[in-house]
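Down below is the structure, laid out as structure tokens.
Throughout, protein chains are lettered first and strands after them, A, B, ... in sequence-line order, and every chain is numbered starting at 1.
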Amino acid sequence: MKIALSAQPPFYLPSVVRSHGWIQLSPFLADDHTGGFTYLIQLDTGRVAEIRIQEAQGGVSVAVDSPLTPKEQSEVSSKVAWMLGLDQEFGTFYALAHDEPKLAHIVSEARGRILRSATLFEDVIKTILTTNTLWSATIRMNRNLVEQFGASLPADPARIAFPSPERLAATDEETLRSSTRLGYRAPYILELAHRVASSDLDLEGYKTADIPTLELRKHLMAIKGVGPYAAANLLMLLGHYDFIPVDSWALKMVSHEWYNDEPVGKAQVEAAFERWGQWKGLAYWLWSWSYNG
DNA sequence: GGTAGACCTGGACGC
DNA sequence: GCGTCCAGGTCTACC
């Protein structure tokens, strides 16, 4: 079956897909042919479905591998709309960026939306898996988590959804350390799964909560394993762009762009984008860097 | 509030 | 094949 969803213009699906590395993390799978992707989604009922997303007139079309009940259709629609930020609007930022050559490309490419997972739980875990490690290790740890704890697609057991909080909460730290190879992150992931599964932490509520950025940041940083970088990354996913996710890459880019390759710190990165105010994270994210080494 | 050292993995490198 | 070093953010203890 197919579901059609409309997007706030301008919208260009490949720009969302390529917005960051999430597309390389299972259960995302890029479809280079169409510029879209497939994803394994676990619905509230526990059912796993494969969805294939392609650009369509005014938005996207979502092909689902099997028939859904009306309630399941509604859940798929709202989750896909969230993943792609279909209702997001960037007119104010585009107007501000109009005269900045380093951001000249963003309007024609409809940049701004950042690909999200179906749940914030999945995005928090993936963000923790990006910290203090190489990207190749992030891909591996995430793949291990999915393969070891995710629920399979009934028609093809090799296709697996991201693990639910309940499933992860049912495992133990030693398994996550030695078998899933999460290392010191294991207790962080386990604690998060316990808190979400027991409803002690309503992560999904943050998607729609009307909370000031600073307060939201405080909540995110109360999660073990989430520091300033991870919180800024998650805030961007939640549509708050007041903070820059400063990592070693950011330091290298800013050093080359404005400091003649001299070492810089977090303060210099912040200063470089201060003039973008509440949009500074997005300006940083979409900047056309001159570094090509 | 700022800082040093520990945390853990896997890749690169030297032998 | 083995040992050592290094990169990558966050946490905790300490000042």
### Query
Would you say the ring centroid of Trp22(A) lies under 6.0 angstrom from that of Phe37(A)?
no
Once you round it to whole Å, what is the distance between [atom2] of [N] and [atom1] of [X]?
| X | N | atom1 | atom2 | value |
| --- | --- | --- | --- | --- |
| Glu191(A) | dT10(C) | CD | P | 16 Å |
| Tyr188(A) | dC7(B) | OH | C1' | 7 Å |
| Met141(A) | dC7(B) | CE | C1' | 13 Å |
| Ile139(A) | dG10(B) | CD1 | P | 14 Å |
| Lys224(A) | dC8(B) | NZ | C1' | 17 Å |
| Ile128(A) | dT9(B) | CD1 | C1' | 17 Å |
| Arg217(A) | dT10(C) | CZ | C1' | 13 Å |
| Trp135(A) | dG11(B) | CH2 | P | 15 Å |

### Query
Side chains of Arg52(A) and Ser61(A): donor-acceptor distance under 3.5 Å anywhere?
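Per modelled atom types, Arg52(A) and Ser61(A) side chains form no pair under 3.5 Å.
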I want to check one thing: is the phosphate of [N], taken as OP1 and OP2, less than 4.0 Å away from some side-chain N or O of [X]?
| X | N | answer |
| --- | --- | --- |
| Arg140(A) | dG11(B) | yes |
| Arg177(A) | dC8(B) | yes |
| Ser248(A) | dG8(C) | yes |
| Arg185(A) | dC8(B) | no |

### Message
So, applying ring pair (Phe, Tyr, Trp, His ring centres under 6.0 Å) with Phe273(A), which one of Phe243(A), Trp258(A), Tyr241(A) is it?
### Response
Trp258(A)
### Query
Which residue, Thr133(A) or Gly225(A), contacts DNA chain C at a nucleotide closer to its 5' end, judged by nearest heavy atom?
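Result: Thr133(A).
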### Task
Check the pair Trp249(A) / Tyr229(A) against ring pair (Phe, Tyr, Trp, His ring centres under 6.0 Å), numbers first and verdict last.
CA-CA 12 Å; Trp249(A) 188 84; Tyr229(A) 160 80; over 10 Å; no
### Query
Which comes earlier along DNA chain B counting from the 5' end, the contact point of Tyr184(A) or that of Ser136(A), where each point is its nearest nucleotide?
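Result: Tyr184(A).
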### Task
Evaluate the criterion side-chain hydrogen bond (donor to acceptor under 3.5 Å, both in side chains) for residue pair Trp287(A) and Glu257(A); output intermediate values, then yes/no.
CA-CA 11 Å; Trp287(A) 200 256; Glu257(A) 193 85 1; 3.1 Å; yes
### Message
For a quick check of understanding: with a heavy-atom distance under 4.0 Å over all strands, which category does Ile223(A) fall into, base, sugar-phosphate or nothing?
### Response
sugar-phosphate
